[in-house]
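Report on the following structure.
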Amino acid sequence: MNESWEFCTVYVTFSTEEEAKKITNQVVSERLAACANTIKGMDSVYIWKGKIEESSEIVCLFKTTKDKLNQLTHRIKELHSYDTPCIVVWPIVSGNPDYLDWIRNSL
């Protein structure tokens, strides 16, 4: 994969809206992410400790830069209630230049 990206979206799931709000507010206030979008009402089916589980979760999409990614990931893991939180990075390879400048200037 071409590693010439500067911006990314970080996909994270949470068990409750309260936890999602707490962590999104924390990392945005620490300027580890320019913003976080919260999507409520996701149903998940997954294997955990050898068993199929089902739960409702909250999805958050964090916008940040490659330079802040390790700090953001570490901070989310530190604050998150899950033993193994879902933290997945999607590089932003292109986008509205004004929006990408806004991300850069917000951090």
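The salt bridge (Lys or Arg N to Asp or Glu O under 4.0 Å) contacts involving residues 84-98 comprise nothing, where partners must be two or more places apart or lie in separate chains. Residue pairs meeting the salt bridge (Lys or Arg N to Asp or Glu O under 4.0 Å) criterion with at least one partner in residues 52-65, sequence neighbours excluded, do not occur; the list is empty.
Taking Ile, Leu, Val, Met, Phe, Trp and Tyr as hydrophobic and joining them when side-chain heavy atoms fall under 4.5 Å apart, one finds Y46 in a cluster with W48. Connectivity analysis of hydrophobic side chains (ILVMFWY, heavy atoms under 4.5 Å, direct or indirect) links V45 to I47, I52.
Residues satisfying the side chain to side chain contact (heavy atoms under 4.5 Å, CB included) criterion with A34, sequence neighbours excluded, are W102, I103, S106, L107. For R104, the salt bridge (Lys or Arg N to Asp or Glu O under 4.0 Å) criterion is met by E6, D101, not counting sequence neighbours. The side-chain hydrogen bond (donor to acceptor under 3.5 Å, both in side chains) search around D67 returns none, not counting sequence neighbours. In terms of the salt bridge (Lys or Arg N to Asp or Glu O under 4.0 Å) criterion, E18 has no residue partners (sequence neighbours excluded). In terms of the ring pair (Phe, Tyr, Trp, His ring centres under 6.0 Å) criterion, F62 has no residue partners (sequence neighbours excluded). Scored by the side-chain hydrogen bond (donor to acceptor under 3.5 Å, both in side chains) test, T9 finds no partners at all (sequence neighbours excluded). Taking E17 as the reference, K21, K40 meet the salt bridge (Lys or Arg N to Asp or Glu O under 4.0 Å) condition, with sequence neighbours excluded.
Side-chain atoms of Y82 never come within 3.5 Å of backbone atoms of T13 as a donor-acceptor pair (strictly under, hydrogens ignored).
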Stepwise, does the side-chain contact (heavy atoms from CB on, under 4.5 Å) test hold for E19 with H80?
CA-CA 8 Å; E19 180 180 34; H80 208 292; 3.9 Å; yes
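Taken to the nearest 0.5 Å, the OG1 atom of T65 stands 9.5 Å off from the CG atom of L72. In this structure, CG on N70 lies 11.0 Å from CG on L32, to the nearest 0.5 angstrom.
There is a path of hydrophobic side-chain contacts, each under 4.5 Å, that joins V12 to L69. Residues V93 and F7 do not share a hydrophobic cluster, defined by chaining ILVMFWY side chains whose heavy atoms lie under 4.5 Å apart.
Using a 4.0 Å cut-off between charged side-chain N and carboxylate O, R75 and E78 make a salt bridge.
Between S15 and S55, the closest side-chain pair of non-hydrogen atoms is not below 4.5 Å. For the pair C8 and T64, the minimum side-chain heavy-atom distance is below 4.5 Å.
Between I92 and W5, the closest heavy-atom pair is O-CB, 3.9 Å. The minimum heavy-atom distance linking Q26 with S29 is given by the pair O-OG, 2.8 Å. Heavy atoms only, all atoms of each residue included: I58 and G41 are closest at CD1-N, 4.3 Å.
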Name the atoms and distances for all side-chain donor-acceptor pairs under 3.5 Å in residues 83-91, with sequence neighbours left out.
none

